[in-house]
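Heads up, the thing below is written out as structure tokens.
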Amino acid sequence: MLPGLLQQARNHGVLFRLPRLTAAVRGFASAQSEMTVRDALNSALDEELARDDKVYILGEEVGEYQGAYKITRGLLQKYGPDRVKDTPITEAGFTGIAVGSAFAGLKPVCEFMTWNFAMQAIDQIINSAAKTLYMSAGQISCPIVFRGPNGAAAGVAAQHSQCFASWYSSVPGLKVLAPYDSEDARGLLKAAIRDPDPVVFLENEIMYGQAFPVNAQILDKDFTLPIGKAKVMREGKHVTLVSFSKMVGYCLKAADHLSKEGVHCEVINLRSIKPLDKDTLVASLKKTHRMVTVEEGWPQCGVGSEIAALMQELAFDELDAPVLRVTGAEVPMPYAANLEAAALPQVDDIIKAVKSVL
Amino acid sequence: MLMVVRSCAAGDTVLLKEVPARMQTMLKQRSGLRAAQPGRRVVKVRAVAAPLKTSTSAPSSSKALVTPEVAKDLYYDMVLGREFEEMCAQMYYRGKMFGFVHLYSGQEAVSSGVIRLLRPDDHVVSTYRDHVHALSKGVSAREVMAELFGKKTGCCRGQGGSMHMFSSKHNVLGGYAFIGEGIPVGLGAAFQSKYRRDVLGDESADSVTCSFFGDGTCNVGQFYESLNMAALYKLPHIFVVENNLWAIGMSHLRATSRTSGDEHPYIYKKGPAFGMPGVLVDGMDVLKVRQVAQEAVERARRGEGPTLIEAETYRFRGHSLADPDELRSKDEKAKYLARDPIPQLKKYMLEHGLATEADIKALEDKVAEVVEDCVKFADESPKPERGQLLENVFADPRGFGIAEDGRYRYQQAGFSSGTAVVSPPIGFLWH
């Protein structure tokens, strides 16, 4: 059991926590437990609702349906319909209500069933939430969190599969976060809810059901992660793989595979698309001199484009090869399963990309 | 001054007295409404504000609709709004103001009639035609003018401009360029009031929110979404439609479908479809507007939910200072100029002994002084410093990220004093 745990810990880049873990294991029977991303988000919401009664949740099906993806399961029963509000299907309207209530002092968590539907509300997110602090010269802030699943799921076709990381991350006034595992989900969501600025929180439907190890620190009710800091999931010296959300898992798998061939990849989990942790990226580049970015979204003006631009501006002399971007295909998502797989980056694509920069 | 208030519950008979000619024509054209004959008893009226009977005795202040103090306050506020906007036009043509400027001249009765009876903790949300709403709510003329001049003494330090008036002190939540965008935000402020009472246990929480918008907005999706949710959640929110018949050059009659059975596209009739009262009021008459607004505000404070008020009004100038205003007929403009709310109120005050000529002149002089002063203030105020460019993007300035030395960028010396380097390397873009 223990060697397996250690291996898992290594894979998830928690080497630094190892001494603590062993100390804990010595003291207790099973200090290491697992938690799905869904439960991580649910527990984070639960704790923040308990902590501050100005926090409330609204969105479609968040209450009686227990959440379209069960992220808000049990919260209606615990906190009542005044704090977990089911809305009609009226994104622009309820997003505006959430934003207005944030202007007036509450702390809403506005759920979008998927981020695709937020396009109906994008006016409120950008023109009201993002810009108002600036337009009012600091008088009226917007401590809101917009959250929901982003990017491709499985077979949900073109109108349900878009990745919005690059659109929202270009807007000044928004913070954009993308958790990968349960630790990210808990820490970043709690930080987002406590943050005084509007936060776009991009989850991933496929990740909801995946379980990751958590420890007492992560489960602590005041556990938050700093917004604007990336995490080095795995250290390496040949290539830096930069990614966020589900693709971090793919990068780790690719890194595993490549390590058997003697190529050691450093895998960086951005966690925060805006602000982007340029310093961690540059520090890694200085070590490896090669970088590959991986994202599900479309290539033009994507997150990888921004990283490539930044790296050649900030650390041109450190590059031994162009920064390569692995992205989704330049198509609306097709429905057929094989085409969908072809439209999204796979582990093999990442491996190929790494080999081409070596 | 006659109250003409009509509720729009279907099938109601309404007693009409001395209705303005335009409305008479409109009403006669309507089928489906049994027009009351003079002298016929009112059968059933479900108006937000009941029609008032005119006093046939000699006018005296005890029979007036408002006290002298209120009347003078309304008069001052309307004259301030008018003179301020006219000054804006002058300043714009002199190049002191720029961009999009939308003036409110002619519509003062709505702003004064509604906002002057609000409390400081009530919220107001508006559109780009927001200067006078901000003034009525209490933002100083100096701050509004300085904002329009783009100076750092403006209410938003020059960062908002004409279309984005915000004041946290006076609870003015903007100032929105996209029509319909402000209404859900207004609902949010109302939601906060209800939440404070129901969830946070503050039993004294009964503040209301008024959202102001035009006839064009009533075809925007967010308007309907908001009507639904305001009624559904019984929010203390008042929808104030300033129907001035024109959305830039698009006549309301061309843009909006007629309500069933009517010859006219009534907006107030959309209220009951969503479960709230809808009221039509003469928006050129400040006392009528105030009466209707009073009832709506009291309803909201009692927790009885939202109201939709359609105020018939008119803007004397074009949509914005860039609008040549060629599509509106001279006749129409003349007709509404004759119904200018300011002389109407003046006449009423004199007839009812609420103020003397001297009092009124004193008020007008005060306004002239204030307006002259605010222009001088704005003119002499400094422009924002370059470093202000990057301020107030985030309430938590750590959003600017971490600098090389490990501290947050906003912690670095000189972050705000000049044009700080935030993303590209030094010397890249900014000089």
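More than 12 heavy atoms of other shown residues, nucleotides or ligands fall within 6.0 angstrom of atom NZ in A/Lys287. Heavy-atom neighbours of B/Glu304 CD from other residues, nucleotides or ligands within 6.0 Å: above the threshold of 12. Shown here is A/Gln77, whose CD atom has more than 12 heavy atoms of other residues, nucleotides or ligands within 6.0 Å. No more than 12 heavy atoms of other residues, nucleotides or ligands lie within 6.0 Å of NZ in A/Lys54, so this atom counts as exposed by the packing criterion.
Highest contact tally toward chain B, considering only A/Val99, A/Thr132, A/Asp277, is held by A/Thr132 [criterion: heavy-atom pairs under 4.5 Å]. Annotation: maximal heavy-atom pairing with chain B below 4.5 Å, among A/Val282, A/Thr95, A/Leu276, A/Asp53, occurs at A/Asp53. With chain B as the partner, the residue from A/Tyr56, A/Phe94, A/Phe103 showing the most heavy-atom pairs under 4.5 Å is A/Tyr56. Ranked by non-hydrogen atom pairs under 4.5 Å with chain B, the options A/Ile89, A/Asp82, A/Leu133, A/Ile227 are led by A/Leu133.
Only the side chain of A/Asp195 has a heavy atom closer than 4.5 Å to any heavy atom of chain B. Residue A/Lys131 does not touch chain B at all, counting heavy-atom pairs closer than 4.5 Å. At a 4.5 Å heavy-atom cutoff, the contact between A/Thr87 and chain B is made by backbone and side-chain atoms alike. Looking at B/Asn228, only its side chain comes within 4.5 Å of chain A, counting heavy atoms on both sides. Of the atoms belonging to B/Val220, not a single heavy atom falls under 4.5 Å from chain A. Neither the backbone nor the side chain of A/Gln120 comes within less than 4.5 Å of any heavy atom of chain B. There is no contact between B/Phe223 and chain A, counting heavy-atom distances below 4.5 Å. Heavy atoms of A/Ala92 lying under 4.5 Å from chain B belong to its backbone as well as its side chain. Interface remark: A/Ile140 contributes side-chain atoms only to the contact with chain B (heavy atom separation under 4.5 Å).
Expressed to the nearest 0.5 Å, how far CD of A/Gln139 lies from CG of B/Asn392 amounts to 9.0 Å.
Proximity to chain A among residues 131-154 of chain B is not found for any residue, judged by heavy-atom separations below 4.5 angstrom. Contacts between residues 185-205 of chain B and chain A, counted as heavy-atom pairs separated by less than 4.5 Å, involve B/Val185, B/Leu187, B/Gly188, B/Ala189, B/Phe191, B/Gln192, B/Tyr195, B/Asp198, B/Val199, B/Leu200.
Residues B/Tyr176 and A/Ser128 have side chains in contact (heavy-atom distance under 4.5 Å, counting atoms from C-beta outward). At least one side-chain heavy atom of A/Tyr134 sits less than 4.5 Å from a side-chain heavy atom of B/Leu389. A 4.5 Å side-chain heavy-atom check between A/Ser136 and B/His164 finds every atom pair outside the cut-off. The side-chain heavy atoms of A/Pro88 and B/Leu232, taken from C-beta on, include a pair separated by under 4.5 Å. Two residues are said to be in side-chain contact when any heavy atoms from C-beta on lie closer than 4.5 Å; A/Gln124 and B/Gln222 meet this criterion.
Between the side chain of B/Gln159 and the backbone N or O of A/Gly138 there is no donor-acceptor pair closer than 3.5 Å. Side-chain atoms of A/Asp197 come within 3.5 Å of backbone N or O of B/Ala395 as a donor-acceptor pair.
Between A/Ala104 and B/His123, the shortest heavy-atom contact is CB-NE2, 4.1 Å.
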